[in-house]
There are 2 protein chains.
Amino acid sequence: MASSKREHVLTCARELFESEGFHATGVDRILEKAGVAKMTLYNNFGSKDLLIVEVLNQSSHNMMEKIRGFAAEAGNDPYDQILAIFRALGEWYQDPQFCGCMFQAAVAEFPNHDSEPAKAALEHHKRLTAVFLELCTNAKLSEPDKLSRELALLASGATCVARQAKNRLPADDALSIAEILLERASK
Amino acid sequence: MASSKREHVLTCARELFESEGFHATGVDRILEKAGVAKMTLYNNFGSKDLLIVEVLNQSSHNMMEKIRGFAAEAGNDPYDQILAIFRALGEWYQDPQFCGCMFQAAVAEFPNHDSEPAKAALEHHKRLTAVFLELCTNAKLSEPDKLSRELALLASGATCVARQAKNRLPADDALSIAEILLERASK
DNA sequence: GGTAGAATAGACCGACCTGTCCACTTGTTC
DNA sequence: GAACAAGTGGACAGGTCGGTCTATTCTACC
């Protein structure tokens, strides 16, 4: 029961932070949505700031698992796996619940470079780049470091644009650029 | 005097919104920085929300002028002009005062798609894309619509990544991708 | 030099915020 | 059934928020 309440609060907080922002979401709104007493939140997380960090870390973990899942579903060819990730982005953008990437929102709302949310966002981007690096290396593509940075940039850029446009077009554009980059790196 | 005060408040507000965020910046902080009475702000702008919209519109206008300026400095070749914009991004990211793009922050802090700040951010991205479209068309590049969207995506993505990493590397990566796309489109 | 409009300082309001405290209930385990 | 941890609900504190109001001073212009 203890951990299930904790998970439930975490989930509700994530949904509210995603759809309304970190500062705009009050603690009371989270309690109301989770149907939980205030002390449950403060006993489990200590403060709103710590809850935010926890939400970010959990979300990063979930997202990386999903991304690895999409890659795995695409078969054994790392080349296909990379492209599958961009196709999955397009699906994500079309989800009616999609409202942008939490981590882009986190750096925007916590601009101080030393703040924990900003650090968590940077770590997340490093993890994303690392996945691309792994796939690029497996595919024996040339200049894997640079290529993985570029792929991560494309993914971030597409998500950033999609937050405004709310359609899959940015993902398709990013995909077609990725194809060009992969083709060149595989020669 | 009347309009100079107004401009001064606008500038101070922009700097604070950029460096600390929209919600995190209280009206009193703006007044303190601008050295201005509260009624001066409310007589000129009506509310904090309207001030935010005004700041965004003014910033968009300034940024578009700067971007057109960078392009103009690069000479008459639209191909060079496009690349000059990406080089300018690198300079921007190295500015110690750089703390990301206001418009990316605005959509993050005002996720409601119908909110005025979100609309302003969308308009800004459309204007950026339009500049690229103009340059691509002038350069007689193939598929100018798609290409301009892709260039805007690269610029947004680089700025998004640079907000976390705080160096010019994302701009260089975006530039090298842009070169590849332009090369292909000019055949 | 008098007048109108702009700007000032600062008190003030109600709403909302995070976070604390406490008396009480629930569920589990021995 | 006793003991114990976890959760509950609600009152409460202290602070900040955006915004209003008023009385006063400054400034520019006819």
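Here the structure is a predicted model, which is why all the values come from computation and not from measurement. Any value given below was found using the heavy atoms of this structure, including those in side chains, with hydrogens, waters and symmetry copies removed. In the text below, chain A, chain B and the rest are named by the order of the sequence lines, each starting its count at 1.
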Distance-only donor-acceptor pairs under 3.5 Å for side chains of residues 69-85 of chain B, two or more places apart:
from, atom 1, to, atom 2, distance (Å)
B:D77, OD1, B:Y79, N, 3.0
B:Q81, NE2, B:G75, O, 2.6

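- A sub-4.0 Å separation between OP1 or OP2 of D:dA6 and a side-chain N or O of A:T40 is absent.
- Going from atom CG of B:L31 over to atom C1' of D:dC17 covers 13 Å, rounded to whole Å.
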Indicate every side-chain donor-acceptor pair of residues 16-38 of chain A with a distance under 3.5 Å to a residue at least two apart or in another chain.
from, atom 1, to, atom 2, distance (Å)
A:S19, OG, A:E15, O, 3.0
A:E20, OE2, A:R29, NH2, 2.9
A:H23, ND1, A:E109, OE1, 2.8
A:T25, OG1, A:L16, O, 3.4
A:T25, OG1, A:G21, O, 2.7
A:D28, OD1, A:K38, NZ, 3.4
A:K33, NZ, A:E15, OE1, 2.9

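- A search for side-chain hydrogen bond (donor to acceptor under 3.5 Å, both in side chains) contacts involving B:K146 returns A:S176, not counting sequence neighbours.
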Under 4.0 Å protein heavy-atom contacts per nucleotide of nucleotides 15-27 of chain C, with B for base, S for backbone only and - for none: ---BBBBB-----

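- Counting to the nearest Å, the C1' atom of C:dA7 and the NE2 atom of B:H8 are 14 Å from each other.
- Every residue meeting the ring-ring contact (aromatic ring centres under 6.0 Å, His included) condition with B:F86, not counting sequence neighbours, appears here in chain and number order: B:F132.
- Listed by chain and number, the residues in a ring-ring contact (aromatic ring centres under 6.0 Å, His included) with A:H125 amount to none (sequence neighbours excluded).
- Taking atom NZ of residue B:K5 and atom P of nucleotide C:dA6, one finds them 14 Å apart after rounding to whole Å.
- With B:L51 as the partner, the side-chain contact (heavy atoms from CB on, under 4.5 Å) test is satisfied by one option alone out of B:V53, B:V55, B:D49: B:V55.
- Between the CG atom of B:L41 and the C1' atom of C:dA6 there is a distance of 15 Å, given to the nearest Å.
- One atom, CG of A:N43, and another, P of D:dT8, lie 10 Å apart when rounded to the nearest Å.
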